[in-house]
There are 2 protein chains.
Amino acid sequence: MPDRSLKTVVEQLKAVAHPLRLRVLGLLAGGELCVCQVAEVLQVPASSVSEALRELRRAGFVVERKEGRWVHVSLAPSQTPLVEALTLAAAELPEVAEDRSRVPAVRGLGVPAVCQKQQP
Amino acid sequence: MPDRSLKTVVEQLKAVAHPLRLRVLGLLAGGELCVCQVAEVLQVPASSVSEALRELRRAGFVVERKEGRWVHVSLAPSQTPLVEALTLAAAELPEVAEDRSRVPAVRGLGVPAVCQKQQP
DNA sequence: ACATCGTTTCGTATTTTTCCGAAATTTCAA
DNA sequence: TTGAAATTTCGGAAAAATACGAAACGATGT
């Protein structure tokens, strides 16, 4: 049973009341991605993405799946209506559509290729 | 046309990612109240309520209606789906149900009586 | 074992938020 | 016009959030 107390809901809202974290959430609505892919698509330092994901995970929006040295993140399944609404709103942001348009290219390259071009 | 850009949505989420502001929002889902009634029901200093309402107004959640020296606040009509979902989630908080149970008594007294017992 | 790559944690300077009493403001009423 | 009541604004100290490079960590391949 998901917690819906004031404290919990405020934590969820705080997690998402942040430009980068909201963009990450919207991006993941398009499907699972590896952390390095998120950093590449968003053009943001990996440590910032990692911290954003930590908060989203704490609040229960996303889950991770480790595979070797990669960490794949995706939306946590079956959420409360509020979380669903937040995720949907994030996915519909114009800025996220913009971000999302860069995903196919990044996916096409494959994870290793993407991550190796991180630091030029 | 309501703005749905990243910046705006983040402002809306920040406005509501706060215990007192979320409680106020949920309380107003039960109908219009005067500022002094909100302060009385929530047992919180009037200046805190005023500041909470300022943020909620900035973000477009509530509107005010001045009547003499009283200010009545209520939910802004016809919102974006996200705002609707946030308001609904606030209204369904257990803590807000608790708050709401104190409304009839306060309403019964009438605005002047309520506000005059603010500072004993 | 070593170097490397993806990721997380840490350090931390900077900014933002929070909270509430005091003071200011506005409105009504005597 | 004076006083009182409802609300807002102000002050400012304390707590929290932000951002990102540097360092640490863990897994892989040679």
Side-chain angles (χ1 to χ4, degrees), chain A residues 6-7 10-24 32-59 62-73 106 109-120, chain B residues 6-7 10-24 32-59 62-73 106 109-120:
Chain A
L6 181 68
K7 191 164 170 318
V10 167
E11 290 312 311
Q12 291 173 331
L13 293 173
K14 272 195 208 168
V16 107
H18 179 285
L20 178 58
R21 295 195 294 258
L22 195 57
R23 276 173 83 198
V24 171
E32 183 184 77
L33 287 172
C34 148
V35 176
C36 70
Q37 293 177 311
V38 175
E40 170 68 14
V41 167
L42 266 36
Q43 294 288 317
V44 151
S47 69
S48 297
V49 172
S50 177
E51 281 167 353
L53 286 167
R54 166 166 23 118
E55 295 306 311
L56 290 174
R57 214 179 311 120
R58 273 149 112 92
V62 311
V63 293
E64 69 174 34
R65 178 175 68 82
K66 289 187 178 164
E67 187 175 316
R69 49 189 152 181
W70 297 275
V71 174
H72 295 79
V73 285
V106 166
L109 293 175
V111 173
V114 169
C115 294
Q116 275 158 21
K117 65 178 283 204
Q118 280 283 67
Q119 46 275 45
Chain B
L6 181 69
K7 190 163 170 321
V10 167
E11 290 313 311
Q12 291 173 331
L13 293 172
K14 272 196 208 169
V16 107
H18 179 284
L20 177 58
R21 296 195 294 258
L22 195 58
R23 276 172 84 198
V24 171
E32 184 184 77
L33 287 172
C34 147
V35 175
C36 70
Q37 292 177 311
V38 175
E40 170 69 12
V41 167
L42 265 36
Q43 294 288 318
V44 151
S47 69
S48 298
V49 172
S50 177
E51 281 167 350
L53 285 168
R54 164 163 28 115
E55 295 306 311
L56 290 175
R57 213 178 312 120
R58 272 151 114 92
V62 311
V63 293
E64 70 174 34
R65 178 175 69 82
K66 289 189 179 165
E67 186 175 318
R69 48 189 150 179
W70 296 276
V71 173
H72 294 80
V73 285
V106 166
L109 293 174
V111 171
V114 168
C115 294
Q116 275 158 22
K117 67 178 282 204
Q118 279 283 67
Q119 46 274 44

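In what follows, chains carry the letters A, B, and so on, assigned in the order in which the sequence lines appear, proteins first and then strands, with residues in each chain numbered from 1.
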- Query: Under 4.0 Å between a side-chain N or O of A:Ser48 and OP1 or OP2 of D:dC20?
  - Reply: yes
- Donor/acceptor link under 3.5 angstrom from B:Glu51 side chain onto base of C:dC20: yes
- Are any of the side-chain heavy atoms of B:Arg23 and B:Leu42 separated by less than 4.5 Å? yes
- Query: To the nearest Å, how far apart are A:Gln37 CD and C:dG6 P?
  - Reply: 11 Å
- Item | Value rounded to 0.5 Å, distance of CD in A:Glu32 from CD in A:Gln37 | 9.0 Å
- Between CD on residue B:Glu40 and SG on residue B:Cys34, distance to nearest 0.5 Å: 11.0 Å
- Query: Could you give the CG-to-C1' distance, from A:Leu42 to D:dA19, as a whole number of Å?
  - Reply: 15 Å
- Message: From the set C:dG6, C:dT7, C:dT17, return the single nucleotide nearest to any side-chain atom of A:Arg69.
- Response: C:dG6
- Query: To the nearest angstrom, how far is A:Glu55 atom CD from D:dT18 atom C1'?
  - Reply: 11 Å
- Query: Taking atom C1' of C:dT26 as reference, at what distance in whole Å does atom CH2 of B:Trp70 sit?
  - Reply: 13 Å
- Query: Out of C:dT18, C:dT27, C:dT8, which nucleotide sits closest to the side chain of B:Arg21?
  - Reply: C:dT18
- Counting just side-chain N and O atoms, does B:Arg54 come under 4.0 Å of either OP1 or OP2 of D:dT9? yes
- Kindly check if the number of other-residue, nucleotide or ligand heavy atoms within 6.0 Å of CZ (A:Arg65) is above 12? yes
- Query: In terms of the nearest nucleotide of DNA chain D, which residue is placed more toward the 5' end: B:Arg57 or A:Ser47?
  - Reply: B:Arg57
- Query: DNA chain D: A:Glu11 or B:Leu53, which has the more 5' nearest nucleotide?
  - Reply: B:Leu53
- Query: Among C:dT18, D:dT18, D:dT9, which nucleotide sits nearest the side chain of B:Ser50?
  - Reply: D:dT9
- Message: What is the distance, to the nearest angstrom, from the CZ atom on A:Arg23 to the P atom on D:dA19?
- Response: 12 Å
